[in-house]
Student: 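Below you will find the structure I want to go over with you.
Excluded from the calculations below are hydrogen atoms, water molecules and symmetry mates; all remaining heavy atoms, backbone and side chain alike, are included. Just so it is clear, the model here is predicted, and its values are computed rather than measured.
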Amino acid sequence: MILLNPGPVTLSQRVRNALLKPDLCHREIEFFQLQNNIREKLLNIYDLNPNKYASILLTGSGTSAMEAMLSSLIPNQGKLLVIENGVYGERLSKIAQIYGLNYLPFHLQWGEKIDLHCLELCFKKHQDLTHLAIVHHETTTGRLNDLKAISDLCKPYNIQLLIDGVSSFGAEDLDFENWGIIACAATANKCLHSIPGTAFVIVEREALKVNLTPRTLYLDLKTYCEKQDQGETPFTQSVQSFYALETALLELEEMGGYLARKNQYQMLMNYVRNELIKLGIKPLLSEGESSIVLNSFYLPKNVTYDQLHDHLKTNGFIIYAGQGELAKSIFRISIMGDISLKDLENLVDLFKEILIN
Ligand SMILES: *Cc1c(COP(=O)(O)O)cnc(C)c1O
């Protein structure tokens with residue numbers, strides 16, 4: 001089965017085989033070597049200095065990293081602005097609300113472009129804002145939010161940037177240093193091509209020194225970071241998931257790092273997008289606004305999502321429905337994972353079949 005949903009992804013055989021490595025106790029030296037190796041490789045993807053940044057590993061899905069990031073890094077006296085232009089932006093707000101953070105939603109329609117002028121007016125109106133949380137790639141629609149522009153706007157107001165990079169980390173550009181990203185939540189099972197089970201937050205070490213009363217036991221980043229720096233772990237990690245992630249990171253290195261993956265995704269996405277357009281299937285967003293990871297398309301006339309999904313599934317492909325209101329009008333294709341051009345050629349042939357019948 002070829003998974004074209006935005007994670008979990010189609011695994012390479014090598015990553016799958018890594019799951020069969022020997023049993024390992026999470027209090028033994030071999031585990032700490034594994035943990036250190038993963039932490040180092042994650043920072044290397046974007047050339048981050050380990051004295052300035054830390055990668056903190058958690059056992060959970062991407063949402064656990066989002067939750068750890070917001071609950072652990074917004075100080076008692078801080079005020080957070082959350083940009084919402086899709087499901088995941090709204091999820092960031094929900095987390096802020098549950099933890100009782102002092103936050104303000106900046107609400108937009110799903111898929112809507114962030115109006116920088118409006119955002120600046122909001123900064124001017126709320127001079128007490130200290131942090132801004134935003135989704136980099138809004139997987140709801142495939143929109144890639146312009147972090148560079150947002151960061152330029154934040155700087156004069158001294159607003160610190162926290163991002164959900166769950167579906168962009170490892171494939172899209174992320175300039176931590178210049179964009180002033182103090183934290184980025186991400187996961188093993190999207191652009192890094194490993195299994196679900198391990199999520200992580202890349203944090204600027206300085207940001208861990210905030211003044212706050214811990215709001216969570218299990219998701220407290222400070223605790224994890226201290227232990228992991230000492231070569232320990234506060235709780236049991238998913239050992240097999242670490243094995244798989246280590247191998248997936250090795251594969252990323254071998255292919256030439258995130259830029260090589262970015263090029264590969266770009267090539268695959270251009271192919272699918274152009275072929276579907278030729279068949280009369282329209283993308284939701286223009287190319288410049290979309291990520292290279294996932295694109296949304298309007299359903300072809302006279303074909304329901306279920307018909308499309310079921311025909312493709314029978315032939316070995318899983319596509320993804322739209323969420324909420326969009327479920328009626330769009331479908332999504334993600335090209336994360338061990339996917340080749342040949343796979344996508346087969347997919348396009350299936351689309352031709354459906355449209356003819
Ligand atoms: C997948 C995803 C998440 C996390 O979802 P989980 O189901 O917890 O893995 C968070 N943010 C974005 C942008 C995502 O694409």
Side-chain angles (χ1 to χ4, degrees), residues 6-9 35 38-39 41-43 45-46 48 53-74 80 82-83 86-99 101 131-140 145 147 160-172 174 176 181-205 207-208 210 212 214-228 233-238 241-242 244-246 248-249 258 293 336:
V9 298
Q35 178 170 267
I38 292 171
R39 294 185 76 205
K41 281 188 188 326
L42 287 174
L43 291 183
I45 296 174
Y46 291 101
L48 301 176
Y53 298 92
S55 56
I56 303 175
L57 307 179
L58 307 165
T59 284
S61 78
T63 305
S64 72
M66 296 163 76
E67 195 161 332
M69 175 173 82
L70 291 191
S71 62
S72 307
L73 300 177
I74 309 298
L80 174 70
V82 181
I83 297 186
V87 169
Y88 297 100
E90 291 178 8
R91 186 173 296 178
L92 286 168
S93 277
K94 227 176 257 172
I95 294 168
Q97 187 199 351
I98 286 171
Y99 282 92
L101 303 181
H131 293 74
L132 182 147
I134 181 175
V135 177
H136 185 205
H137 168 216
E138 233 325 332
T139 324
T140 315
N145 286 320
L147 286 188
Q160 309 228 281
L161 198 57
L162 304 129
I163 70 165
D164 167 348
V166 176
S167 62
S168 57
F169 189 94
E172 296 280 3
L174 277 170
F176 281 78
I181 299 168
I182 65 155
C184 169
T187 188
N189 62 294
K190 295 210 181 183
C191 307
L192 298 179
H193 298 187
S194 187
I195 64 161
T198 298
F200 57 94
V201 186
I202 306 288
V203 191
E204 205 181 284
R205 288 182 175 277
L208 287 167
V210 290
L212 66 79
R215 303 180 176 102
T216 158
L217 173 78
Y218 192 69
L219 293 174
D220 185 44
L221 287 179
K222 206 169 166 185
T223 312
Y224 277 92
C225 195
E226 278 167 13
K227 288 285 184 187
Q228 292 182 0
T233 177
F235 311 106
T236 310
Q237 293 274 14
S238 173
S241 173
F242 273 30
L245 178 56
E246 185 189 42
L249 290 169
Y258 97 88
V293 177
M336 300 174 213

Student: Can you name the residues that form a side chain to side chain contact (heavy atoms under 4.5 Å, CB included) with S64, not counting sequence neighbours?
Tutor: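 With sequence neighbours excluded, S64 shows a side chain to side chain contact (heavy atoms under 4.5 Å, CB included) to L58, A199, L219, given in chain and number order.
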Student: Rounded to the nearest 0.5 Å, what separation is found between the CG atom of L43 and the CZ atom of F176?
Tutor: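 Output value for this atom pair is 9.0 Å.
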Student: Does any non-hydrogen side-chain atom of R215 lie less than 4.5 Å from one of L101?
Tutor: yes
Student: Taking all non-hydrogen atoms of both residues into account, name the closest pair between L70 and I74 and its distance.
Tutor: O-CG1, 3.4 Å
Student: For the residue pair T139 and S167, confirm or rule out a side-chain donor-acceptor distance under 3.5 Å.
Tutor: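 Yes, because at least one side-chain N or O of T139 sits under 3.5 Å from a partner of the opposite role on S167.
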Student: Measuring only between side-chain heavy atoms, which start at C-beta, is T59 closer than 4.5 Å to Y218?
Tutor: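 They are in contact (side-chain heavy atoms under 4.5 Å apart), so the answer is yes.
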Student: For residues F169 and Y258, establish whether the separation of their ring centroids is below 6.0 Å.
Tutor: no
Student: Might you point out which heavy atoms bring L57 and F200 nearest each other, and give the distance in Å?
Tutor: CD2-CB, 3.9 Å
Student: Considering all heavy atoms of both residues, which atom of K227 and which atom of P234 are nearest to each other, and what is their separation?
Tutor: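 It is CB-CD, 3.6 Å.
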Student: Do Y46 and I202 have side-chain heavy atoms sitting under 4.5 Å apart?
Tutor: no
Student: Is the side chain of N145 donor-acceptor paired with the backbone N or O of V135 at a distance under 3.5 Å, no angle test?
Tutor: yes
Student: Does some side-chain heavy atom of I45 sit less than 4.5 Å from a side-chain heavy atom of L249?
Tutor: yes
Student: Tell me, do I163 and L174 make a side-chain contact under 4.5 Å, heavy atoms counted?
Tutor: yes
Student: Write down the atom of Q228, the atom of Q237, and the distance for their closest heavy-atom approach.
Tutor: NE2-NE2, 3.4 Å
Student: Please examine the side chains of H131 and I182, heavy atoms only from C-beta on, and report whether any two atoms are closer than 4.5 Å.
Tutor: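 I182 vs H131: side chains touch.
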Student: Would you indicate whether the side-chain heavy atoms of L132 and I83 approach each other to under 4.5 Å?
Tutor: yes
Student: Could you please spell out the steps behind the side-chain contact (heavy atoms from CB on, under 4.5 Å) verdict for E90 and K94?
Tutor: CA-CA 6 Å; E90 291 178 8; K94 227 176 257 172; 5.9 Å; no
Student: Is any side-chain heavy atom of R39 less than 4.5 Å from a side-chain heavy atom of Q35?
Tutor: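 Yes, at least one pair of side-chain atoms sits under 4.5 Å.
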Student: Between the side chain of Y88 and the main-chain N/O of I134, is any donor-acceptor distance below 3.5 Å?
Tutor: no
Student: Got a sec: does the NZ of K41 have more than 12 other heavy atoms crowding it under 6.0 Å?
Tutor: yes
Student: Is there a donor-acceptor contact under 3.5 Å from the side chain of S72 to the main chain of L221?
Tutor: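 Confirmed, S72 side chain pairs with L221 backbone.
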